[in-house]
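Start at 1 and go down the list; that is how both ligands and their atoms are numbered. Computed from heavy atoms alone, side chains included, the values below leave out hydrogens, waters and symmetry copies. Numbers for residues simply follow the sequence, beginning at 1. All values derive from a computational prediction rather than experimental measurement.
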Amino acid sequence: MIDASSAGDDVTDTSAWLPDQTTWVPAETDTTRPSAARVYDFLLGGGHNFAADRAAAARIEQVLPNARRVARSNRAFLRRAVRFMAEQGITRFLDLGSGIPTVGNVHEIARDANPESRVVYVDFESVAVAHSRLLLDGDERTAVVEADLTDPGTVLADPAVRALLDTDEPVGLLLVAVFHFVPDHGDPAGLVGRYLSALPAGSLAAISHLTADFDAEGMAQVAETMANSPNPMFFRPFDRVAPLFAELDLVEPGLVDADLWRPEPGVTDPDGPARGVYAGVGRVR
Ligand SMILES: C[S@@+](CC[C@H](N)C(=O)[O-])C[C@H]1O[C@@H](n2cnc3c(N)ncnc32)[C@H](O)[C@@H]1O
């Protein structure tokens, strides 16, 4: 079992859910290079990461001291966005780039509102996929798909995704903290459009995106740290994140710092918003 004890005061050791490391580390996993899914897991206090991931996270924290705050801020946005969608009556969710399961997974939040909620998780990282499958084994209202979200044709043709979308009911599309892994030539806005075109009107899409707007130097070094990983990063300023919502009607409060997106009443950080990730939710026309 990997030791997450060095992960800080707010550790939520999800490794306790599973008995044995060998059950969640697929043979093809490259543990010698950091992966975005596992570095993020570490920053959130999870236990599904390796020495290379922890070394990358340590370097990131050196150059970006609020890295954990930014990670938590993004994850908290995801939770609030799912809750908002559920309150709007959404019971079907497609989570693209879903990551390693951690506290407050999409199906858990959605089912607080409606126990019948269905979720399809999609990721291309082997540990994220393996751990999701272990956690959700036997759960007939969830599916885990191993696929590259930059290939919408393959994702949308997957039987589990087709079954989820084979309805006139609105869908909750989650594209949370994924597009900063897509270079400009990968056409992030075009990808959003491809997915939206598969959804009925009234569906909702949540998108978040890391930015260097508030710490250009620190984020340049974060990008450098991940440059030779399988997940190089491409941060974008506000005016290049906003076009991701071009085909959506933004709901209030629009595209804002993740901490400022419908914060829970009474929950304010004395240090102010984390300032590292833009987030918003839009409605499909
Ligand atoms: C920072 S994590 C975000 C996880 C989750 N969406 C959240 O916000 O808490 C990014 C995830 O996106 C996945 N990812 C990045 N690029 C991807 C791609 N092209 N296809 C599928 N998954 C991808 C990574 O493997 C990782 O699990």
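- Between Phe238 and Tyr278, the distance from one ring center to the other falls under 6.0 angstrom.
- Near ligand 1, heavy-atom contacts under 4.0 Å come from Ala37, Tyr40, Asn74, Arg75, Leu78, Gly97, Ser98, Gly99, Asp123, Phe124, Glu125, Ala147, Asp148, Leu149, Thr150, Val176, Ala177, Val178, Phe181.
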Show me the side-chain donor-acceptor pairs of residues 154-162 shorter than 3.5 Å, one per line, residues at least two apart or across chains.
| from | atom 1 | to | atom 2 | distance (Å) |
| --- | --- | --- | --- | --- |
| Thr154 | OG1 | Asp151 | OD1 | 3.3 |
| Thr154 | OG1 | Asp151 | OD2 | 2.5 |
| Asp158 | OD1 | Ala160 | N | 2.8 |

Pairs of donor and acceptor atoms involving the side chains of residues 188-198, under 3.5 Å and at least two apart or interchain, shall be tabulated with distances.
| from | atom 1 | to | atom 2 | distance (Å) |
| --- | --- | --- | --- | --- |
| Tyr195 | OH | Leu149 | O | 2.7 |
| Ser197 | OG | Gly193 | O | 3.4 |
| Ser197 | OG | Arg194 | O | 2.7 |

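- Counting only distance, with no hydrogens or angles, the side chain of Asn49 and the backbone of Gly46 share a donor-acceptor pair below 3.5 Å.
- Listed by chain and residue number, nothing satisfies the ring pair (Phe, Tyr, Trp, His ring centres under 6.0 Å) test with Phe214 (two or more places apart in sequence, or in another chain).
- Considering only heavy atoms from C-beta on, Asn74 comes within 4.5 Å of Val176 through its side chain.
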